[in-house]
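Proteins get letters first, then strands, A, B, ... in listed order; numbering begins at 1 in each. Everything numeric in this text was worked out from a predicted model, so none of it was measured.
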Number of protein chains: 2
Amino acid sequence: MTVMTGSKAAAKRETRMSEILDCAENNFVEKGFHGAGISGIAKECGISVGHLYHYFASKDLLIEAVVERELMRQKERLGDFCNLNAAEIRDQIAPLVIDIIMKHQDPFRTVLNFEILAEAQRNPSVAAILHRYDGEIRDQFCAVLEKAGITTPFLRTEMLFTLFAGIPARTLRHPEQERPQFIEMMKPIITKILVGENLPVK
Amino acid sequence: MTVMTGSKAAAKRETRMSEILDCAENNFVEKGFHGAGISGIAKECGISVGHLYHYFASKDLLIEAVVERELMRQKERLGDFCNLNAAEIRDQIAPLVIDIIMKHQDPFRTVLNFEILAEAQRNPSVAAILHRYDGEIRDQFCAVLEKAGITTPFLRTEMLFTLFAGIPARTLRHPEQERPQFIEMMKPIITKILVGENLPVK
DNA sequence: AGCACTAGATAGAGCGTTCATTCTATTTTG
DNA sequence: CAAAATAGAATGAACGCTCTATCTAGTGCT
């Protein structure tokens, strides 16, 4: 396969890597980054352990790749929001933001997300990836607010993201929560956060 | 030591168990529930592996004990809030709540908290402990709001706890966040959550 | 008071398993 | 034919846990 017309070989390699990432993600979700083992991942993927190591040179690198992919997906999901125009944002801000949150409500993703947060506290490489993507996502969202003429966008973004981050954490602690009422109450809060009166910048 | 006047023996046992829990907590914080090993915990504690098993019959039980203790502490911390009188709560609600959050901002505790949330997703015993304590904490806080004559206390508590839960998650993703401005902005939001106009209960 | 007894405290070697990783060998394929 | 794809055994360390043996300190008897 020495000369598999370059790009075709590369494409196949990408596909295989993506399959491995899928299986790794499943295992990490079920057992955690440290509870899951390479051999289990290889087995689910239908390949040998040795072969897996041809694609990811260590378990740490595999973890980092899974984290990176998940954060990239989070970024893409928020990207939908950026295509809205200024008027839509100003008038429909709360329901639009609720829409985004609902898309985030895949419980599967939630599991992985907490695994990432826990790991970031002791694995500097994972922390670095997390911080990089958070910066990109934050800047992206800030730009939308600025486009809509909203003041102090950085601060408002920070507050809104804090509320977002709290939702899955809260759901984990209280799964029986009354969802519809909760979502209804969230609307005025989000409105207050995004278009409430400006703060005296001390 | 057959008859070490009962209570004295029990007290010593409690002390030793508490020491073991301290060391286990340290190790879990540093390496995660699954990354940390029994032998490492025993070593830090200065006891043998066999001896540790006389106090905690399995690693799972040790994890559960650490989780239980941490949640009990969280409950106690919120307990401070319950001693305030109705007038204080109504007039000073935002700064009082901020005070509580500040007490929660021990980064060490944050680490353990995310470990617990991640573990709760795959360990039903840990999930049960988490749900039980969340119920107790929630009821406790609701009672305070009711005492202050605040309407729809359950919904407001849910929303406030969501914001609380978001703070450490947000900090993990963006550690360089401007803290003082953030806290300042949180005040009107908390006020809105706790004493904003009532929702139309559909 | 002093001795023997006993049950809990404690240590640490050992068990079987699984871990991440490496190595060598074989098969596929351009 | 050569190089990449693939398999799977082998390695050494670490894992959770058990087992046995020793030590220690109260108790009851004299």
What integer distance in Å separates [X]:[atom1] from [N]:[atom2]?
X       : N      : atom1 : atom2 : answer
A:Ile38 : D:dG12 : CD1   : C1'   : 17 Å
A:His34 : D:dG16 : NE2   : P     : 13 Å
A:Arg13 : D:dA5  : CZ    : P     : 7 Å
A:Ile63 : C:dA20 : CD1   : C1'   : 11 Å
B:Leu62 : D:dC15 : CG    : C1'   : 15 Å
A:Tyr53 : C:dA20 : OH    : P     : 6 Å
B:Lys43 : C:dT10 : NZ    : P     : 19 Å
A:Asn27 : C:dA20 : CG    : C1'   : 15 Å

5′-ward residue of the pair A:His51/A:Ser39 relative to DNA chain C: A:Ser39
Which part of the nucleic acid does [X] contact within heavy-atom distance under 4.0 Å: base, sugar-phosphate only, or nothing?
X       : answer
B:Ala42 : nothing
B:Gly46 : sugar-phosphate
A:Gly37 : sugar-phosphate

Heavy-atom check, side chain of A:Phe33 versus side chain of A:Val126, under 4.5 Å: no
Among the candidates [options], find the nucleotide nearest to the side-chain atoms of [X].
X       : options                : result
A:Lys59 : D:dC17, C:dA20, D:dT6  : C:dA20
B:Tyr55 : C:dT10, D:dG8, D:dC17  : C:dT10
B:Ser58 : D:dT6, D:dC17, C:dT10  : D:dC17
B:Ser48 : C:dT10, D:dC15, D:dT18 : C:dT10
B:Ile47 : C:dA11, C:dT21, D:dC15 : C:dA11

side-chain N/O B:Arg16 vs C:dT10 OP1/OP2, d < 4.0 Å: yes
Parallel, tilted or perpendicular: ring planes of A:Phe161 versus A:Phe164, cut at 30 and 60 degrees: parallel
A:Glu76 and A:Arg73 ion-paired at < 4.0 Å: no
Candidate pair A:Glu136 and A:Gln140, rule side chain to side chain donor-acceptor pair (under 3.5 Å), full reasoning: CA-CA 6 Å; A:Glu136 291 176 17; A:Gln140 204 177 16; over 6 Å; no
Atom of A:Lys192, atom of B:Ile189 and distance for their closest heavy-atom approach: CG-CD1, 3.6 Å
